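One-based numbering, in listed order, for ligands and for the atoms of each. Because the structure is predicted, anything quoted here is derived from the model rather than measured.
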Amino acid sequence: MTRAEVLGWLREDDPARLDELWRRADEARRRVVGDEVHLRGLVEVSNHCVRTCAYCGIRAGAPVTRYRMSPLEIFECALQATALGYGTVVLQAGEDFGLEPEVVAETIRAIRKHTPLAITLSLGERTDEELAAWREAGADRYLLRFETSNRALYDRIHPSRGREPSDRIAMLRRLRALGYAAGGGVMVGLPGQTLDDLADDIAMFARLDLDMIGLGPYLPHPATPLAAEPRPAWDSELMTYRMVALARLACPGANIPGTTALATVNRAEGRELALSRGANVLMPNLTPTRYREHYEIYPDKACLRETADVCDGCLRKRLHAIGRTVGEGRGDARREARSEP
Ligand code: 5AD
Ligand code: FES
């Protein structure tokens, strides 16, 4: 796909033409990764964060009740993921230095030893030493969205910590060099974001040869500075589906989730629409309900009060209704099928 073609699709408003985009993405998804939808159990292990990202509801100083799960609590969630038949557990948190590297490594080793789960980390920007130690302990994958490939916009919404400006693209490359499967992604509809930026994002997904690509609409959180800024005129939900479809066409073997942010803007069918327009993964939330409400990166998050069992049943029913099946095993990305020019 050329850049002009990507931009053409991002600008496309004709419903019949968009149906053609959805059809092509769905066809590529079926051909390359099949009808199985992999379920990743998401555990939000801590909402402490030292960063002040301008969009994020758990940024340092935000008025939320802070929590940090114990290693035993995290391990119990991993057991629950296994019991529910999931192939992967995702440990996600803010950038929390109270999650001590050695304790994280011990938790990874325990999950590795007692379950067949693939282990995905999403713990923010960390040092090479930490990343290497966690890989060594048995972590398989790492998620770090780069949020936008527009450097000026990125810098505007990610105040650096100390002298070093943050460079998530560089960190994604290092993760790959350490042997992690690497996941990136962006928010769609950020104040100041243009369709050119989104076309650059698609090119960046392909250039980084990502194993996982997470895409969600930007949802303003009233307690954050970015909420006061005007957003692009286009519909961020529809634009997110265009991005899901284009990401599938640019990176056919990648794992692409129907995200919670999409389920939040369209509770009735956000996830289903993503799954029929290129996505092949869902991430049911396994965070204990007593903590969940405090992991408020954006307001009114879908499935805030539902227990893991309820979401599990609900998601299986939804998958079945659209003719898809639940994936068996770890659901690694199809590396051999990737990198179409
Ligand atoms: N709206 C939508 N997505 C958000 N994220 C963080 N804050 C928001 C928000 N206000 C996304 C970012 C981050 C991921 C964990 O959640 O893309 O990388
Ligand atoms: Fe959580 Fe439907 S997925 S209630």
Do the side chains of [X] and [Y] get close enough for a salt bridge, i.e. N-O under 4.0 angstrom?
| X | Y | value |
| --- | --- | --- |
| Lys301 | Glu44 | yes |
| Arg23 | Asp26 | no |
| Arg31 | Glu27 | yes |
| Arg3 | Asp200 | yes |

- Set of residues that line ligand 2, where lining means a heavy atom lies under 4.0 Å from it: Arg271, Cys303, Glu306, Cys311, Cys314, Leu315, Arg318
Identify all pairs of nitrogen or oxygen atoms, one from ligand 1 and one from the protein, separated by less than 3.5 Å, and list them with distances.
residue	atom	partner	partner atom	Å
ligand 1	1 (N)	Leu219	N	2.9
ligand 1	1 (N)	Leu219	O	3.3
ligand 1	10 (N)	Tyr55	O	3.0
ligand 1	10 (N)	Leu219	O	2.7
ligand 1	17 (O)	Arg145	NH1	2.9
ligand 1	17 (O)	Glu147	OE1	2.6
ligand 1	17 (O)	Glu147	OE2	3.3
ligand 1	18 (O)	Glu147	OE2	2.5

- Quick one: which residue pairs count as a side chain to side chain donor-acceptor pair (under 3.5 Å) with a foot in residues 102-112, not counting sequence neighbours? Glu102-Arg109, Glu106-Arg109, Arg112-Asp140
- Query: Linking Ile, Leu, Val, Met, Phe, Trp and Tyr through side-chain heavy atoms less than 4.5 Å apart, which residues share a cluster with Leu153?
  - Reply: Tyr55, Ile157, Met187, Leu190, Tyr218, Leu226
- Answer yes or no for Arg277 and Tyr241: cation-pi contact, defined as NZ/CZ to six-membered ring centre under 6.0 Å and angle to ring axis within 45°. yes
- Item | Cationic tip of Arg126 above Phe97 ring, under 6.0 Å, 45° of axis | yes
- Query: So, do His48 and Tyr67 have ring centers that fall under 6.0 Å from each other?
  - Reply: no
